[in-house]
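Single-structure report; data block below.
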Amino acid sequence: MYNFSEIEKKWQKYWDDNQSFKVEMDENKKKFYMLVEFPYPSGVGLHVGHGRVYTASDVQARFKRANNYNVLFPMGWDAFGAPAEQYAIKNHIHPSEAVQENIKVFKGQMKSLGLAIDWSREFATTDPEYYKWTQWQFLQFYKAGLAYKDEKEINWCPNCKMGLSNEDAQGGVCERCGCQTTKKLKNQWVLRMSNYADKLLDGLADTEFLDKVKTAQVNWIGKSIGASVNFKLKDTDDYLEVFTTRADTLFGATFMVVSPEHPYLEKYKDKIENIDEVNKYQEEAKKKSEIERTDATKEKTGVKLEGLVAINPINNKEIPIYISDYVLVNYGTGAIMAVPAHDERDYAFAKKFGIDIIQVLEGGDITKEAYIGDGVHINSGFLDGLGKQEAIDKMIEYLEENNIGHSQVNYRLQDWIFSRQRFWGEPIPMIYCEDCGWVPVPDEDLPVVLPNVSSYEPTDTGESPLANIDEFVNCKCPKCGKDAKRETDTMPNWAGSSWYWLRYMSPKCDNAIADMDAMKYWGKVDLYDGGMEHATRHLLYARFWNIFLHEQGLVPNSEPFSKRISHGMILGPNGEKMSKSKGNVVNPNDMIENYGADALRTYEMFIGDYSKDAAWNENGLKGCKKFLDRVWRLQEVLNDNEGYTKELEVIINKTIKKVSEDIENLDYNTAVSALMILLNEIEKHDSITKMDYRTLITLLNPFAPHITEEINERCSLGDTLCTSSWPIYNPDKIMDDTYEMVVQVNGKVRGKIEVSTDSSEDEMKSLAREIDNVKTHIEGKQVVKEIVIPKKLVNIVVK
RNA sequence: GCCUGUGUGGUGGAAUUGGUAGACGCGUUGGACUCAAAAUCCAAUGGUAGCAAUACCGUGUGGGUUCGAGUCCCACCACAGGCACCA
């Protein structure tokens, strides 16, 4: 047998030495931009799941290259973030040192997989030459009025001592450490992402994302169309504003509820007679975790505001106001009009507090539960007798005419909290001056570099460790020259990954985020592969960022990615997610050592539907190794005949078609299967031609690039495969002369017969009746009709 | 609760989109080679009945459309992912 590690090293060196995969712009060639999410270089090295994703991307890149595309297939490192910082805290070294070490390991592993990456474009988000431009782009947001400082309650992880975005604290659990988050007031930099809600929705039309990715984004943005309604506060000149999607039920609004954080509670503290009780409720709400507060199944709680009463503007009835934590401060106006007859939550609250329930839609039995279905309006004055949409329209018209409210759109999407109180992130390039306020760091002073310090731990006050470093903090105001202080917060991990695909286009550019000509040439990412876990967060941030850059005239396209696909995970042999604690982790290094990178790659492509999870099975890997061994052994049976072996011509042409289409459609598993079928056919012959062999290994090359190059060289089959063109099939040669015609009687298969491909329908019919078993099934029965599907089957219907 | 998906042999998974269900691989069983083992090669392999030809059953469940349904329609069940007191 052959020495696969020797062969693999040989060809990896060859590709390196010859810079085989380096690309430059070439206006004469069609471009193809293959992007795969760049990894966070952790200390544990690559996972076999990475192997699947990178191999699949590599197959695409090699396939497109062979099809004469100018292929950009780059790689880099998303290297800011908590793990490197934790490691630094523990070992008292600069995080960049740990990052350098890890990158080395990752890159070595990627090379040993034989990936056709253009390494000349490599960078890390932690390179000052890169984050200089991340900082510069933040300043563009700032200058466009899209970055602002806001004192607001944020998610706070008491364990990590860190502010978290809503995205990082989903469900009230810290994404990093898993502990329960609380709330804390902090002055944060925030990006006005919510301004872009509609653009993010509309832009989806220009993408080819999977439906589930689009749906996830649409849900995340959460657009709802409704109305804003003002309720007058009795004995004041003020109004309490609410958002509702059901303005038509206003006649049934019998009370109002404000969230515990609503500003009116402070504003009207003198008017609220039971303010102590209210304050107590606010305190309790604050103490509760996000999980407790948003548990929809728990019993409703609340306190009635004594002394503060609202007036329903549609009927001028006085209605009470309550404070309750089932109303969220960060959605709508933080206050609602409650229609207990037709809303489950309001119903539960009204029942508990003994509030009036007025039915305004016909249907259901509201003595038992809220009726949330549709119905004709009743008890609703001028809306009586109307259906839902008609009533909504009429009500909004009325509200607008009478200056009580207006139509309004609301989004679930929030602004992006952009501050982190950590060391290992891009410093936010802002300076605070007593006289001038917040002043951007001038472009020529970028990047604001992370200093060397002895401790990387967050401070007890929750501020970044940078706040303890006087040399970093103290500076001069760029505007007036007086003593000033730097912002010590850093950017979130998502910042560096929100524009990295642009940088690959011209990674060395030093006067812009990337060269405009390069961005125009490479354009949008053609195929972007990443995990489903990034369908909302990373993908929305990246799109928001790019849309903004486009508006600023900094990039040529509004949408950054054409097609987004997502791969399934590789699970452990037991079908569970691989983890150290479960002891089911498969190390790709071991697999490469024992079976070779080619076998590993082939197996990871063959393992199953690329978009679905798949459980690891080492026997499957052995099977793929066996397949490659058999391909290798064909070297012994080469003959000197020209062209294809005649009997193999059809299946070879068919296989070219099948493999090409499958790779194009990301059906890697069936592409490998087609090659196995071809090999099975080939092995039925005593000898094969060089052309037979060359075509087989060319089709196999994207999956097993090393062994195929070696075979190609040893047998002198042609040019190196990495610079060769993909085979083209002959459409006239993909049809066999004969096929197995299926004969059914009443839809059941009763016989099969080998017939010539150019048999006429009549010939097919008569051949069908000659089959003995068919005869027995139609004997003595009346033939009602005969269905003929050319080149496939005959179905005889009898009675 | 809502939104996406998915459900096929012992197993990973195929099925030209309404036309032979189970390709290909793994596993299992039998055989060849070998003193023996490994490796390799050959054969069989959805279930039931049968010596066999063949018949019946079979793609989560129950209905339906059709000459014909894994594929389309209706209802339901289970699992996975996302969202969720969003007014």
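The structure displayed is predicted, hence computed values, not measured ones. Quick note on labels: first sequence line is chain A, next is B, and so on, each numbered from 1. Excluded from the calculations below are hydrogen atoms, water molecules and symmetry mates; all remaining heavy atoms, backbone and side chain alike, are included.
Residue E344(A) is classed as having no contact, given no heavy-atom separation below 4.0 Å to the nucleic acid. Residue S324(A) is classed as having no contact, given no heavy-atom separation below 4.0 Å to the nucleic acid. At the heavy-atom level, N795(A) lies under 4.0 Å from base atoms of the strands shown. Residue V242(A) is classed as having no contact, given no heavy-atom separation below 4.0 Å to the nucleic acid. Using a 4.0 Å heavy-atom criterion, one finds that N773(A) contacts the sugar-phosphate atoms exclusively. No contact: D346(A) has no heavy atom under 4.0 Å from any strand. When heavy atoms are screened at a 4.0 angstrom cut-off, G623(A) is found touching the sugar-phosphate backbone but no base atom. N410(A) comes within 4.0 angstrom of nothing in the nucleic acid, heavy atoms only.
R630(A) has no side-chain polar atom (N or O) that falls below the 4.0 Å cut-off from OP1 or OP2 of U40(B). Phosphate contact (OP1/OP2 of G27(B), side-chain N/O of N619(A), threshold under 4.0 Å): present. Residue K748(A) places at least one side-chain N or O under 4.0 Å from the OP1 or OP2 atom of C57(B). Neither OP1 nor OP2 of G27(B) sits under 4.0 Å from any side-chain N or O of N617(A). Within the 4.0 Å cut-off from OP1 or OP2 of U54(B), not a single side-chain nitrogen or oxygen of H777(A) is found. When the side-chain nitrogen and oxygen atoms of R750(A) are compared with OP1 and OP2 of U54(B), none of them lie within a distance under 4.0 Å. A close approach under 4.0 Å does not occur between any side-chain nitrogen or oxygen of K792(A) and OP1 or OP2 of G19(B).
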Between side-chain atoms of residues 735-746 of chain A and protein atoms elsewhere (two or more places apart, or another chain), which donor-acceptor pairs fall under 3.5 Å?
unit_1, atom_1, unit_2, atom_2, d
D736(A), OD2, K654(A), NZ, 2.8
T738(A), OG1, E754(A), OE2, 2.8
N746(A), OD1, V798(A), N, 2.9

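Nearest to the side-chain atoms of L328(A) among the listed nucleotides C41(B), A55(B), C86(B) stands C86(B). Candidate nucleotides C85(B), C41(B), C3(B) were compared by shortest atom distance to the side chain of D325(A), and C85(B) ranks first. Comparing atom distances between the R345(A) side chain and each of C24(B), U20(B), C86(B) picks out C86(B) as nearest. Closest approach to the K626(A) side chain among C85(B), C24(B), C41(B) is made by C41(B) (side chain taken as heavy atoms from C-beta onward). In this structure, of U4(B), A87(B), G25(B), it is U4(B) that holds the atom nearest to the side chain of T215(A). The side chain of T670(A) lies closest to A14(B) when the candidates are A14(B), G12(B), C85(B). In this structure, of C56(B), C26(B), G25(B), it is G25(B) that holds the atom nearest to the side chain of F606(A). Closest to the side chain of Y331(A), from the set A15(B), C56(B), C86(B), is C86(B). In this structure, the nucleotide among A14(B), A55(B), U40(B) sitting nearest to the side chain of R633(A) is U40(B). For I336(A), the side-chain atoms get nearest to A87(B) when compared with the rest of A23(B), C85(B), A87(B).
Although no hydrogens or angles enter the test, the distance criterion places a donor-acceptor pair under 3.5 Å between the side chain of D662(A) and the main chain of A671(A).
Along RNA chain B, the nucleotide nearest to V742(A) and the one nearest to N219(A) differ in position, and the one closer to the 5' end is contacted by N219(A). Taking the nucleotide of RNA chain B with the nearest heavy atom to each of I677(A) and D667(A), the more 5' of the two is matched to D667(A).
In this structure, G31(B) shows a glycosidic angle more than 90 degrees from zero, which is the anti conformation. Base orientation of U6(B): anti, the glycosidic angle falling outside 90° of 0.
One can find a donor-acceptor pair under 3.5 Å joining the base of G19(B) and the side-chain atoms of Q744(A). No hydrogens or angles were tested; on distance alone, a donor-acceptor pair under 3.5 Å links the side chain of K300(A) to the base of C85(B).
In the model, D609(A) has no side-chain atom that pairs as donor or acceptor with a side-chain atom of Y668(A) under 3.5 Å. One side chain, D629(A) or Y2(A), offers a donor N or O that lies under 3.5 Å from an acceptor on the other. There is no side-chain donor-acceptor pair under 3.5 Å between E661(A) and N665(A). No donor-acceptor contact under 3.5 angstrom links the side chains of N730(A) and N653(A), judged on distance only. If you check the side chains of S224(A) and Y331(A), you find a donor sitting under 3.5 Å from an acceptor. In summary, the side chains of N330(A) and R412(A) do not present any donor paired with an acceptor at a separation below 3.5 Å, with no hydrogens or angles considered.
Spacing between G18(B) and A23(B) at atom P, rounded to whole Å, works out to 23 Å. If you take atom C1' in U54(B) and the same atom in G50(B), they sit 9 Å apart, rounded to whole Å. Nucleotides U16(B) and A52(B), compared at atom C1', are 35 Å apart to the nearest Å. Straight-line distance between the C1' atoms of G47(B) and U8(B): roughly 14 Å, to the nearest whole Å. When the P atom is compared between A69(B) and G58(B), the two are found 11 Å apart, to the nearest whole Å. As rounded to the nearest Å, U4(B) and A15(B) have C1' atoms that lie 24 Å from one another. Here, U45(B) and G63(B) have their P atoms 32 Å apart, quoted to the whole Å. One C1' atom belongs to G5(B), the other to U29(B), and the distance between them is 38 Å to the nearest Å.
In summary, the aromatic rings of F349(A) and Y322(A) are positioned with their centroids under 6.0 Å apart.
Aromatic ring pairs are classed by plane angle as parallel below 30°, tilted from 30° to 60° and perpendicular above 60°; the pair Y541(A) and W494(A) is tilted.
Stem analysis of RNA chain B (at least three stacked-register Watson-Crick or G-U pairs, each with both distances under 3.5 Å) gives B:1-7 with B:77-83, B:10-12 with B:24-26, B:27-32 with B:40-45, B:46-49 with B:54-57, B:60-64 with B:72-76.
Under a cutoff of 6.0 Å and an axis angle of 45°, K625(A) and Y595(A) do not form a cation-pi pair.
A straight line from NZ of K612(A) to C1' of A14(B) spans 11 Å, rounded to a whole angstrom.
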